[in-house]
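A, B, ... follow the sequence lines: proteins, then strands. Residue 1 opens every chain. On a predicted model such as this, the values are computed, not experimentally measured, just so you know.
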Number of protein chains: 2
Amino acid sequence: MQVDPGYLSKLQDYYAKHQVIPSYTAMGKLWGISAKSWVASCVTRLKEEGYLKLTPDKRLRPGARFFERKVAHAPVRAGLPDAALEDGYDLVTIDDYLVKLPSKTTLVRVKGDSMIEAGILEGDLVVVEQQPNANVGDIVVAIIDDEFTIKYLERERGAFVLRPANKAYPTIRPKDKLEIFGVMVGLVRRVDR
Amino acid sequence: MQVDPGYLSKLQDYYAKHQVIPSYTAMGKLWGISAKSWVASCVTRLKEEGYLKLTPDKRLRPGARFFERKVAHAPVRAGLPDAALEDGYDLVTIDDYLVKLPSKTTLVRVKGDSMIEAGILEGDLVVVEQQPNANVGDIVVAIIDDEFTIKYLERERGAFVLRPANKAYPTIRPKDKLEIFGVMVGLVRRVDR
DNA sequence: TTGACTACAGAACGTTCGTTCTGTAGTCTC
DNA sequence: GAGACTACAGAACGAACGTTCTGTAGTCAA
């Protein structure tokens with residue numbers, strides 16, 4: 001009753017490459033199937049399982065589970081290279097994992113190394129939940145001189161200050177009111193190779 | 001000779017909502033146009049301008065400029081700052097940003113602080129592209145004693161070794177063959193509050 | 001060894017797709 | 001005020017699309 005997982009992953013790869021769901025005939029080519037009827041029944045099952053669904057215009061589109069990722073735990077059997085695809089893995093879509101409030105969430109690219117000791121490197125994307133205030137100890141994105149600044153929010157003699165996570169940088173003590181853009185709720189880094 | 005920018009943004013909104021490019025008739029509805037011929041000529045121009053292109057199967061797909069977004073990120077007007085992706089490109093999804101080959105990509109949770117100097121903290125999820133070999137200098141996920149280990153791959157006197165990014169930990173010199181699970185291509189961190 | 005089930009192949013069919021061609025109302029230019 | 005151009009409307013058409021139905025080879029259990 002379950003559809004060949006190879007079909008799903010081929011479709012996911014196709015989508016990652018083209019940002020589009022192919023037609024039934026193209027899926028047939030992709031899957032090595034020459035019968036459209038069989039493609040259709042596979043698609044039906046993928047729909048039932050939540051990997052695909054339809055737009056209001058009746059076009060196929062990725063479903064809720066289409067972007068799920070496995071979280072691999074230590075392999076049960078060592079030695080076998082394919083050992084990581086076992087049952088019992090958590091499934092997570094990265095977006096859901098990081099974003100709780102889509103309408104309030106933005107990404108800010110990190111410049112400089114002032115937060116390097118908090119594991120925040122230059123070029124990383126910080127996931128920010130926009131809100132005008134934060135708690136002491138949070139990592140916040142503040143606006144200083146029309147620039148985004150990512151720092152720890154601390155309190156010093158009754159006033160809020162911005163503390164970097166790098167001894168080479170000084171703590172910032174805003175002259176007037178500190179303008180907070182949002183709070184860091186996550187981080188995304190891409191390793192280019 | 002240029003196409004109405006409203007058409008493009010409506011199409012982008014549709015795509016953001018459905019992850020799929022609509023058909024000509026659906027675009028007609030979307031744009032308030034009842035002539036498919038006119039939709040076709042608009043699409044042609046969007047293709048010429050790089051916002052749309054075709055898959056090998058001749059399906060319409062987003063082009064290189066489709067996700068482009070001109071953001072005045074540097075001078076943030078205080079009070080109402082805009083989203084802050086200065087790449088010139090907006091992201092469809094974070095997933096898309098990190099995952100190139102869904103079928104080979106898994107997530108591995110980081111244990112310990114042995115890679116702390118590379119900005120990889122305990123509890124982070126490392127995005128791994130599964131492959132049996134890697135290049136010197138890559139951060140790899142290897143399997144040591146049935147456990148995942150994340151380290152730099154280095155070469156030492158002809159043999160591969162695993163070097164941590166933390167002076168408190170020793171370099172690992174595998175006795176026999178080094179088993180590589182995959183290569184790190186990204187990192188995801190959630191800040192729980 | 002029969003019956004049920006799965007994983008496909010192949011063809012038929014009505015619908016929808018994108019293309020193309022003709023037509024027209026408004027605007028701008030000279 | 002005539003010609004050129006733009007922004008659509010509308011219809012026609014073949015190709016491609018998704019659906020459905022019939023058929024078959026293999027597997028498994030009873």
Which nucleotide in [options] has an atom nearest any side-chain atom of [X]:
X: A:Ser34; options: C:dA9, C:dC17, D:dA7; answer: C:dA9
X: B:Arg59; options: D:dG18, D:dA7, C:dG18; answer: D:dG18
X: A:Ala40; options: C:dC17, D:dT19, D:dA7; answer: D:dT19
X: B:Trp38; options: C:dC17, D:dC8, C:dC8; answer: D:dC8

Answer with yes or no whether the side chains of [Y] and [X] bring together a donor and an acceptor at under 3.5 Å.
X: A:Asn166; Y: A:Ser114; result: no
X: A:Lys36; Y: A:Thr25; result: no
X: B:Gln130; Y: B:Thr105; result: no

* Asked: Does B:Ser37 make a side-chain donor-acceptor contact with the base of D:dG10, cut-off 3.5 Å?
  -> yes
With respect to the phosphate group of [N], does any side-chain polar atom (N or O) of [X] fall under 4.0 Å of OP1 or OP2?
X: B:Ser41; N: D:dC8; result: no
X: A:Thr25; N: D:dC17; result: yes
X: B:Arg45; N: D:dA7; result: yes
X: A:Tyr7; N: C:dC8; result: yes

Length of the [atom1]-[atom2] vector between [X] and [N], whole Å:
X: B:Ile33; N: D:dG10; atom1: CD1; atom2: P; answer: 13 Å
X: B:Leu60; N: C:dT19; atom1: CG; atom2: C1'; answer: 13 Å
X: B:Met27; N: C:dG18; atom1: CE; atom2: P; answer: 7 Å
X: A:Leu46; N: C:dA7; atom1: CG; atom2: P; answer: 13 Å
X: A:Tyr24; N: D:dC17; atom1: OH; atom2: C1'; answer: 10 Å
X: B:Leu54; N: C:dT19; atom1: CG; atom2: P; answer: 8 Å

* For DNA chain D, whose closest nucleotide is more 5', that of B:Ala35 or that of B:Asp57? -> B:Ala35
* Asked: Relative to the 5' end of DNA chain D, which residue comes earlier, A:Ser23 or B:Gly32, by the nucleotide with the nearest heavy atom?
  -> B:Gly32
* Structure fact -> side chain to side chain contact (heavy atoms under 4.5 Å, CB included) with B:Ile139: of B:Val185, B:Ile150, B:Leu153, B:Val128, only one passes, and it is B:Ile150
* Which one of A:Glu154, A:Glu117, A:Glu156 satisfies the salt bridge (charged side-chain N to carboxylate O under 4.0 Å, His left out) criterion with A:Arg163? -> A:Glu154
* When we call it a touch if two heavy atoms are under 4.0 Å apart, what does A:Lys36 touch: a base, just sugar-phosphate, or nothing? -> base
